[in-house]
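Working notes, structure below.
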Amino acid sequence: MQMTTSELRNAFLEYFRQQDHQIVSSSSLVPHNDPTLLFTNAGMNQFKDLFLGVEQRAYTRAVSSQRCVRAGGKHNDLENVGYTARHHTFFEMLGNFSFGDYFKQEVILFAWEFLTEVIKLPKEKLWVTVYETDDEAFDIWSKKMGVPEERIIRIGDNGGKYQSDNFWTMGDTGPCGPCSEIFYDHGEHIWGGPPGSPEEDGDRYIEIWNLVFMQFNRHADGTMEPLPKPSVDTGMGLERIATILQGVHSNYEIDLFQALIKAAAVAVGTQDINSKSLQVIADHIRSCAFLIADGVMPSNEGRGYVLRRIIRRAVRHGRKLGAEQSFFYTLVGALCEQMGEAYPELNTQRAIIEKVLRLEEEQFARTLGRGLQLLEDAISELGDAKVLPGEVVFKLYDTYGFPADLTADVLRDRELSIDEAGFESLMQQQRERAKEASNFGIDYTKAIKVDGTTDFIGYEHLAESAKVTALFKDGEAVSALIAGEEGAMVLDQTPFYAESGGQVGDAGVIKLTEGLFVVNNTQKAGNGILHLGTLELGTVEVGEPVTAAVDSQRRQAIALNHSVTHLMHARLRELLGDHVTQKGSLVEAERMRFDFSHLEAMTAAELREVEERVNKDIRANYDVATQLMDLEAAKNAGAMALFGEKYDDEVRVVSMGDASTELCGGTHVARTGDIGLFKIVSESGIAAGIRRIEAVTGDAALAYLHQLNDELAQTAGLVKSDVFSVADKVKQTLDRSRQLEKEVEQLKAKLTAQAGTALLEQVTEVNGVKVLVADLNGADGKSLRGSLDDLKVKLQSGIVVLATVNNDKISLIAGVTKDLTDKVKAGELVNLVAQQVGGKGGGRPDMAQAGGTEPAQLPGALASVTPWLSERL
């Protein structure tokens, strides 16, 4: 039975929908709340908690087509992609699931019925395997389904208990159980034996569906705990089953991949449609586009690094085929055509996907040529050796951004390999150096060596007398500063808080006997504290007595924002879960920024709930108490340790009633009521699994609300409404605008159709074929399609070319009635015109569209149609 990939996907979902399964959308490629996975690699990932019994949903049967990536971590197919018939970085897994509903007999019946009755696979072509001791599954296949026993193969353990191809487990721990695999026999003309035989690695018998009978939860110590309810997890590769239905042997020969391969060939400018490199590119555009759609960005670590490797591998293969310009991003459109209907996020995020791919390719292109030349030189120096030294592989990676597997990919074509051990040794040395050197460039404040100690007295005092113990200018110690000079001052004691733990340093003034030093920042330097600023008046010398005074209003504003981070942290953990931990913060006078671990964007309802809970804590007016405690005692008391902080054996514990207890050296309000008001301004993602909240407090929060109210009032005035009805009024205005736009479009289409009817008088004949070539100057380009269809109907047999110009933009459309498409293709015809007016286009043999940017050339281009047709008709 012949089916397109899209039709097959829909048929699978529809069959199980009819069997009372809930169709569940594919989850993200970035697993939510599952730190054991780099990427989603199976359909069951999003249902893991259901199988464990820790989550309940409104359905007990589900079906999905899950997008999956296997290009990093435990499941890594990257090395084989493009060189084998069935390895991919991205694939779709068709699956049906039972959560304590049906079990072995039902799932086997569903699978057999779908394969043999819905998509009409010959029964005699199907073989099955079962776990060696699973007599129940064996009997269902033989006695209920009628599969001959010689085509049912028992597969036993290999190397240990439950270590079998027919005992499925997601990892070292988690849901698992025996499984039954279904294989398709491609026939005697292909080498290979049935599963379990010495020739099983051949391509004759191909696994198409795995039915997992989920019975156990494997613990870290190896014990098997029966699941609360036996369940079912199945997986069938969409690409594999499409290969069988379309009568081809390689996944790259199915309709979806052929469309992408052809688009890739055009993009890189090659005629070698069978190139392995085109297969690599066609595979990689899927994984890259979907990863970006799911929020992964190219980077040098984690998921982002895997994405970068895939992009660069695709680009390298494009350059190998002759591509000289950025090409990879241009394939997103072809991918949207093939998969956009099933996955609308491709269409909605097309622009950002294209932008990310283009920028990454441009960045790589800047070093690719030099890197490849270095590699070629190194290969030429190998002589008879077959292994490229690790130092060369490392240099390519470190200097030119070549991942080791990309270098290995280039060498594969020469039947060479890389020194993996040598490369890894150099990589480990680099990691150690990176730990030691975290600073880039010169920072004079960190270069300053302060011998003495500054006592911080700023918790109790905001102004206090002190003595100058050291002075610095341009990072060098000096004995004095004069008016107008910038520098750093060290005191024996200070009320100024030095930047630490995300809280910015204090500002203020240091009053001299006859002068004034303005402090704009305060930082630590060893055991000393640097007051950074400018001497505005007088002269200051080491040993001089001074009075240090902190800007109290600024300090209080900072304290509001610092205290609220504690309250918000506690309420985020309360609302979202204990996985939420602080990953960084910035506490300033004007605002606060808080980074925390969480795997998905917070909803508007969650953000509002956090706001309400924090403001409730503020109104409770809890006393903010501080206490010095032993570190272990503080942790045992439940105090949270903050990200990036280093603690001594004795720590400062800050408690805010029952709401929050944290280890913190920062400055805080006396009572939570001092904060006044808390308002979240934004929530966003800054890295994989890291979210950021920005918020304001006190006067800044009130000012923010005033600004919002002013904007709302202004909008209400523009639409002549009160502020509480402005949304309805704006909606009415937009609805009216859309209605008017629709009416305008309809009128334009009507006028264009009338003009099209009048055009029948301009029909000519070329070798007995009716031909109409016309410029509908000023007509709406969107309505050309309707006019073309009307004209083709009225002509019954003929060829039509229509053009229009709007704002110097040309729209072209060509139509050929089906009885003439063997002689003239609409795509060739429209491109004939488009190429003469600075454009290009394409489409089906009977209808194609194009654009252009050179209106002055249009008359001549349209005039060339008749001579061109006369040669073909």
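None of the values given here were measured: they were computed from a predicted structure.
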Any side-chain donor near an acceptor of the partner, Glu92 and Ser65, under 3.5 Å: yes
Set of residues satisfying side chain to side chain contact (heavy atoms under 4.5 Å, CB included) with respect to Thr116, sequence neighbours excluded: Trp112, Lys123, Leu126
Worked verdict on Glu106 versus Arg61 for salt bridge (charged side-chain N to carboxylate O under 4.0 Å, His left out): CA-CA 12 Å; Glu106 293 87 348; Arg61 298 181 175 197; over 6 Å; no
Residue pair Phe103 / Val232, side-chain heavy-atom distance below 4.5 Å: yes
Heavy atoms of other groups near Asp384 CG, more than 12 under 6.0 Å: no
Aromatic plane relationship, Phe167 with Phe216 - under 30° parallel, 30 to 60° tilted, over 60° perpendicular: parallel
Pair Arg312 + Glu360, salt bridge at N-O below 4.0 Å: yes
Atom of Ser180, atom of Val130 and distance for their closest heavy-atom approach: OG-CG1, 3.8 Å
Neighbour count above 12 (heavy atom, 6.0 Å) for Glu341 CD: no
Please table the atom pairs, donor to acceptor, closer than 3.5 Å between any side-chain atom in residues 185-195 and protein atoms at least two apart or in another chain.
unit_1	atom_1	unit_2	atom_2	d
Asp185	OD1	Gly187	N	2.8
Asp185	OD1	Arg204	NE	2.8
Asp185	OD2	Arg204	NH2	3.1

Pair Phe114 and Phe110, ring centroids less than 6.0 Å apart: no
Ring centers of Tyr102, His21 separated by less than 6.0 Å: yes
Heavy-atom closest pair, residues Gln338 and Ala259: NE2-CB, 3.3 Å
Residue list, ring pair (Phe, Tyr, Trp, His ring centres under 6.0 Å) with Tyr205, at least two apart or on another chain: Trp127
Ser231 side chain reached by Phe47 side chain, heavy atoms, under 4.5 Å: no
Results of side chain to side chain contact (heavy atoms under 4.5 Å, CB included) for Thr4 - residues two or more places apart only: Ser6, Glu7, Asp255
Side chain to side chain contact (heavy atoms under 4.5 Å, CB included) partners for Thr133, two or more places apart: Tyr131
Over 12 foreign heavy atoms within 6.0 Å of CD, Glu149: no
Asp20: salt bridge (Lys or Arg N to Asp or Glu O under 4.0 Å) partners, not counting sequence neighbours: none
Intermediate values then yes/no, ring-ring contact (aromatic ring centres under 6.0 Å, His included), Tyr252 and His88: CA-CA 10 Å; Tyr252 292 101; His88 301 291; 5.1 Å; yes
Option from Asp134, Thr129, Asp135 for which side chain to side chain donor-acceptor pair (under 3.5 Å) with Arg154 holds: Asp135
Considering all heavy atoms, the nearest Phe90-Arg286 contact: O-NH2, 3.1 Å
Heavy-atom closest contact (Val280 atom, His317 atom, distance): CG1-CD2, 3.6 Å
